[in-house]
Amino acid sequence: MKVKKISANAKKVIVLCTMVALLVVTGALNFVLNSKLTTDKPDSVVNNPVDTFFSSYRTDRETARAEEFAYLDAILASSDSSEDMIASAGEKKMELLAAIEKELVIEGLIKAQGFNDAVVTMSTNNVNVVVPNAELTDDQISQILAVILSETDYSAKQVFVVPCSVD
């Protein structure tokens, strides 16, 4: 039995098609789960624009990260990837996992301080914190800043606290 070897271009097409399929599945699941959430929640929760903002933001963030993980996994799985590309993709994947974990911890600590919700995003240059308050007191900002400074290596100048008052 003769086995036909797949060309490099065919492999790239397969990887690209797989990534597109994953994106379509993610979008479909997002639509189905969001539809289910809106039908399962009472009207007072569904119609709250602040809650909608936070859940929408999280969904968008998770979708973007799923796409990023799929891309990195494709690089790691591809036989056409060089050792440098594989090492870089593995490193990026570990950095992304560490950031996700750190953001979840910080969000939990901010909620533990009495805030109804919080969304934290970390980049290489700054940390953004969004909380569902129309206005924040200096004490509240200090509490949030203390959490960020204790859990990360960022300076106070790199932390941006944003009150969310979606109407």
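For the single chain, residues carry numbers from 1 onward in sequence order.
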(message) To the nearest 0.5 Å, what is the distance between NZ on Lys102 and CG on Asp153?
(response) 7.5 Å

(message) For a quick test of reading the model, state the closest non-hydrogen atom pair linking Val120 to Glu107 and the distance between them.
(response) N-OE2, 2.9 Å

(request) Tell me who clusters with Leu76, hydrophobic residues only, linked when side chains sit under 4.5 Å apart either directly or through other members. (result) Ile86

(message) Within a 6.0 Å radius of atom CE on Met94, are there more than 12 heavy atoms belonging to other residues, nucleotides or ligands?
(response) no

(request) First locate atom CD of Glu62, then atom CZ of Arg65, and finally report the distance between them rounded to the nearest 0.5 Å. (result) 8.5 Å

(message) Using 0.5 Å steps for rounding, measure from the CG atom of Leu109 to the CG atom of Leu104.
(response) 11.0 Å

(message) According to a hydrophobic-cluster definition based on side-chain heavy atoms being under 4.5 Å apart (Ile, Leu, Val, Met, Phe, Trp, Tyr only), do Val162 and Val159 belong together?
(response) no

(request) Please report the closest heavy-atom contact between Asn133 and Phe115, naming both atoms and the distance. (result) OD1-CD2, 3.7 Å

(request) Treating Ile, Leu, Val, Met, Phe, Trp and Tyr as nodes and any side-chain heavy-atom pair under 4.5 angstrom as an edge, say whether Val131 and Leu145 lie in one connected cluster. (result) yes

(request) Please report the closest heavy-atom contact between Pro163 and Ala134, naming both atoms and the distance. (result) CB-O, 3.8 Å

(message) Can you tell me how far apart CD (Glu95) and CG (Leu97) are? Round to the nearest 0.5 Å.
(response) 10.5 Å

(message) Hydrogens and angles aside, do Ser123 and Asn126 bring a side-chain donor and acceptor to less than 3.5 Å of each other?
(response) yes

(message) Within this structure, what is the CG-NZ distance for the pair Asn125 and Lys157, rounded to the nearest 0.5 Å?
(response) 15.0 Å

(message) Starting from Phe53, can I reach Leu136 by hopping between I/L/V/M/F/W/Y residues whose side chains sit under 4.5 Å apart?
(response) no

(message) Under a 3.5 Å distance rule, please check whether Thr152 uses its side chain to pair with a backbone N or O of Ile148 as donor and acceptor.
(response) yes

(request) Look only at the side chain of Thr18 and the backbone of Ile14, and say whether a donor-acceptor pair between them is shorter than 3.5 Å. (result) yes

(request) Measure across Leu72 and Lys92 and return the closest heavy-atom pair with its distance rounded to 0.1 Å. (result) CD1-CG, 3.9 Å

(request) Could you tell me whether Phe69 atom CZ has more than 12 heavy atoms of other residues or ligands within 6.0 Å of it? (result) yes

(request) Heavy atoms only: give me the nearest Ala118-Arg58 pair and the separation to one decimal. (result) O-NH2, 2.6 Å

(request) Indicate if Val129 and Ile141 have the same hydrophobic cluster label, given that clusters are the connected sets of ILVMFWY residues with side-chain heavy-atom separations under 4.5 angstrom. (result) yes

(message) Keeping Glu103 on the side-chain end and Ile100 on the backbone end, is there a donor-acceptor pair under 3.5 Å?
(response) no

(message) Taking Val105 as the starting point, is it possible to reach Val147 by hopping between hydrophobic residues whose side chains are less than 4.5 Å apart?
(response) yes

(message) Show the nearest heavy-atom pair for residues Tyr57 and Thr121, with the distance to one decimal.
(response) OH-CG2, 2.9 Å

